[in-house]
Amino acid sequence: MFHPLENIDRYRIVLASGSPRRRELLGLLDVDFEVDTSHPVDETVPEGMDACEVPVYLSQLKAGAYPLSDDDDRLVITADTVVLLDGDVLGKPADEAEAIAMLGRLSGREQTVVTGVTVRTCDRTLTFSATSHVEFATLSHDEIVYYVERYRPLDKAGAYGIQEWIGAAAIRGIRGSFYNVMGLPVHRLYETLKEI
């Protein structure tokens with residue numbers, strides 16, 4: 001039976017991410033894969049790096065942590081997503097107070113979401129980034145607290161998951177990929193996997 005990604009049948013696909021959203025999104029491509037987070041990296045970014053370059057840099061850093069021998073059959077996929085506002089990188093909040101503060105900054109504003117993705121085999125590395133613009137409605141403090149206490153978005157860049165309550169209640173619009181905002185620009189990844 002035809003499969004649109006039969007060109008990667010010879011590889012053992014490894015998603016190097018603990019994100020349940022990335023697992024769900026990669027699964028949409030109907031490929032078998034395993035999750036391996038056994039090679040963590042220090043995600044310190046070089047001083048002065050442009051905020052838009054951070055997710056690409058981190059995805060490449062994560063991919064480079066996987067030792068692949070010359071005859072390795074693994075195809076490793078790594079990704080990093082950041083939310084950008086006023087030139088600042090809004091990563092994962094450290095606690096509920098920081099999540100509430102982040103969402104307060106995002107309320108009523110448009111932010112930029114950038115995901116960097118690296119696909120690496122023993123003989124090839126391809127990296128790309130995807131950008132989406134997300135327009136938030138104005139949220140009251142009580143609405144923000146409700147969301148943070150109920151959904152605990154501490155594992156999400158920018159302190160929100162667009163697929164959750166806040167996406168339904170407060171996202172006015174998106175320019176770019178919805179899936180990118182979730183953490184994996186699946187269409188771009190699909191096109192990249194066809195090139196391997």
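These numbers come from the heavy atoms of this one structure, side chains and all, not from hydrogens, waters or symmetry mates. No experiment lies behind these values; they were computed from the predicted model shown.
Under the ring pair (Phe, Tyr, Trp, His ring centres under 6.0 Å) criterion, Tyr190 pairs with no residue, sequence neighbours left out.
One N or O on the side chain of Asn7 and one on the backbone of Ile196 form a donor-acceptor pair closer than 3.5 Å. When atom types are taken as modelled, the side chain of Tyr151 and the backbone of Ile166 share no donor-acceptor pair closer than 3.5 angstrom. When atom types are taken as modelled, the side chain of His39 and the backbone of Ala16 share no donor-acceptor pair closer than 3.5 angstrom. Checking side-chain atoms of Ser132 against main-chain N and O of Val113 turns up no donor-acceptor pair under 3.5 Å. The closest donor-acceptor contact from the side chain of Arg10 to the backbone of Asp73 lies at 3.5 Å or more, if one exists at all.
Shown are Thr78, Asp80, Thr118; of these, the side-chain hydrogen bond (donor to acceptor under 3.5 Å, both in side chains) with Lys62 is made only by Asp80.
The side chain to side chain donor-acceptor pair (under 3.5 Å) pairs that include a residue from residues 98-116 are Thr81-Thr115, Asp86-Arg109, Asp88-Arg105, Glu110-Arg175, Gln111-Tyr160, Thr112-His133, Thr115-Asn180, where partners are two or more places apart or lie in different chains.
In this model, no donor atom of one side chain and acceptor atom of the other lie less than 3.5 Å apart for Ser140 and Asp142.
Taking the charged nitrogens against the carboxylate oxygens, Glu24 and Arg21 have no contact shorter than 4.0 Å, which rules out a salt bridge.
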Begin from the C-alpha positions of Leu29 and Leu193 and carry the test side chain to side chain contact (heavy atoms under 4.5 Å, CB included) through to its verdict. CA-CA 10 Å; Leu29 295 182; Leu193 290 173; 4.1 Å; yes
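Closest non-hydrogen pair, Asp36 versus Ser38, comes out as OD1-OG, 2.5 Å. The nearest pair of heavy atoms linking Val45 to Tyr57 is CA-CE2, 4.3 Å.
Between Tyr11 and Thr121, some side-chain heavy-atom pair lies under the 4.5 Å cut-off.
By the neighbour-count criterion of 12 heavy atoms within 6.0 Å, atom CZ of Arg150 is sparsely surrounded, having that number or fewer from other residues, nucleotides or ligands.
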